[in-house]
Amino acid sequence: MSSHAGHVALITGAGRGIGRAIADAHAAAGARVAYVDYEPALAEEAAAAARERGCEAIALSADVADDEAVGLACRRAAEALGTIDILVNNAGISPKSGADGRRAQAWEMSPAEWRRVLDVNLTGAFNCMQAVVPGMREIGRGRIVSLSSVAGKTYCDIVGVHYAASKAALIGFTKHLAGELGPYGITINAVAPGRIDTPLVRGTAPEANEAARLATPLRRLGSPEDVANTCLFLTSDASGFVTGQVCDVAGGWLLT
Ligand SMILES: NC(=O)c1ccc[n+]([C@@H]2O[C@H](COP(=O)([O-])OP(=O)(O)OC[C@H]3O[C@@H](n4cnc5c(N)ncnc54)[C@H](O)[C@@H]3O)[C@@H](O)[C@H]2O)c1
């Protein structure tokens, strides 16, 4: 499939989990892809595997919360691959407090922990958007997708309030920017995954994952590929009249 041939995609948190599946899906669809991750070794390994499959891919290391590092990574990606016209804000964290995988309780959460989650999950998306929008405006085409969560729309007992607030804020970010960016040919949407089987979720108590599976009408956890396929549609030419939307990828779990 070459639905994305000629396009340049930058995916954050692309070293593993959902981000890697999104980056791999874009590479397989013909895009030139920058795999960006906080962990250089993860990004290198993922991009090298894509190159072995014949795809055009580079690895870049950046903390999305650091606006200078993000600016540098985006400049390097554009120099190596061309103007970035697809951005997927996937990098995100969901810290747990206890060794038992229990979520952080709001009343025992440190201000530093609150700030770090907001800095990565929300400000990270803002930093990346600022770095790529000038190029997208120049070429008159852009696709931005951010990873929200069903936990940003309703109560979810395995995440902390910092995570829920950051994912809810990404929905406002998406809707506001749809208005600002639309006149320049740039669409922006969000996906809201349910429980997806990734290293992040494997840190959760197995009983909680089993309860989520049973509460999901489709009776399974999602796969990273389920999320990647939805992102691939939202970054394609086929979704050109879709903007400001939040698409649940949750098997019907926590319908809101
Ligand atoms: N797994 C789920 O069930 C689920 C559900 C809803 C939403 N999400 C969201 O999907 C996204 C991906 O989740 P996942 O389960 O694949 O997570 P994960 O922890 O398995 O992978 C996250 C990746 O992001 C990277 N990363 C973390 N902080 C970073 C930073 N500051 N800068 C750059 N890279 C950073 C990590 O190194 C890692 O490679 C997150 O935004 C998460 O909140 C996940």
Side-chain angles (χ1 to χ4, degrees), residues 10-25 34-47 59-70 72-74 77 87-96 101 103 115-128 131 145-154 156-160 162-171 173-174 190-204 208-209 212-213 216 220-228 230-231 246-251 253-254 256:
L10 185 139
I11 318 295
T12 67
R16 71 175 199 191
I18 295 171
R20 180 166 178 168
I22 295 169
D24 286 349
Y35 286 68
V36 178
D37 204 281
Y38 186 65
E39 301 281 353
L42 291 180
E44 288 293 348
E45 199 269 318
L60 293 163
S61 162
D63 177 351
V64 293
D66 177 341
D67 59 323
E68 287 184 13
V70 165
L72 185 63
C74 290
L87 165 67
V88 182
N89 290 312
N90 165 81
I93 54 174
S94 180
K96 310 281 189 295
R103 68 182 163 158
R115 274 195 296 271
R116 179 64 184 159
V117 172
L118 272 290
D119 283 352
V120 173
N121 293 6
L122 177 60
T123 308
F126 171 79
N127 290 338
C128 294
V145 178
S146 302
L147 273 285
S148 177
S149 168
V150 292
K153 301 168 77 175
T154 190
C156 175
D157 63 1
I158 62 160
V159 304
H162 44 10
Y163 183 87
S166 71
K167 295 299 180 180
L170 280 174
I171 295 174
F173 174 87
T174 299
V191 293
R195 194 79 57 100
I196 309 296
D197 186 14
T198 69
L200 184 140
V201 154
R202 275 173 228 140
T204 302
N209 287 335
R213 187 186 73 77
T216 300
R220 65 174 177 89
L221 300 192
S223 69
E225 290 70 28
D226 288 321
V227 182
T230 303
C231 290
V246 184
C247 183
D248 287 11
V249 185
W253 187 50
L254 297 178
T256 52

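In what follows, residues are counted from 1 in the order of the sequence shown. The structure presented is a predicted model; accordingly, all values stated were derived computationally and were not measured. Atoms within each ligand, like the ligands themselves, are counted from 1 in listed order.
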Non-hydrogen atom of A192 closer than 4.0 Å to ligand 1: no
Nearest protein heavy atom with distance in Å, relative to atom 23 (C) of ligand 1: G13 O, 3.6 Å
Would you tell me which option among S149, G194, A21 has the nearest heavy-atom contact to atom 5 (C) of ligand 1? G194
Provide the number and element of each atom of ligand 1 under 4.0 Å from a heavy atom of G92. 40 (C), 41 (O)
D63 heavy atom under 4.0 Å from ligand 1: yes
Note the single closest protein heavy atom to atom 20 (O) of ligand 1, along with its residue, its atom name and the distance in Å. R16 NE, 3.0 Å
Return the option from D66, I196, D248 holding the heavy atom at the smallest distance from atom 3 (O) of ligand 1. I196
Sub-3.5 Å donor-acceptor pair from the side chain of S148 to the main-chain atoms of L170, do we have one? no
Quick one: which ligand 1 atoms are inside 4.0 Å of a heavy atom on V201? 1 (N), 2 (C), 3 (O)
Nearest heavy atom to atom 12 (C) of ligand 1, choosing from N89, N90, T123, belongs to N90
Are any of the heavy atoms in S148 under 4.0 Å away from ligand 1? yes
For R116, state whether at least one heavy atom is located under 4.0 Å from any atom of ligand 1. yes
About how many Å separate CG of L147 and CG of N90, when rounded to the nearest 0.5 Å? 4.5 Å
Do D197 and R213 meet the salt-bridge criterion of a basic N to acidic O distance under 4.0 Å? no
Taking the non-hydrogen atoms of P199, is any one of them nearer than 4.0 angstrom to ligand 1? yes
Protein heavy-atom partner closest to atom 39 (O) of ligand 1 - residue, atom, separation in Å: D37 OD2, 2.6 Å
Check: Y38 N/O within less than 3.5 Å of ligand 1 N/O: yes
Any K167 heavy atom less than 4.0 Å from ligand 1: yes
Closest candidate by heavy atom, reference atom 6 (C) of ligand 1, pool P193, S146, A212, S166: P193
May I ask you to check if ligand 1 and G19 share an N or O to N or O distance below 3.5 Å? no
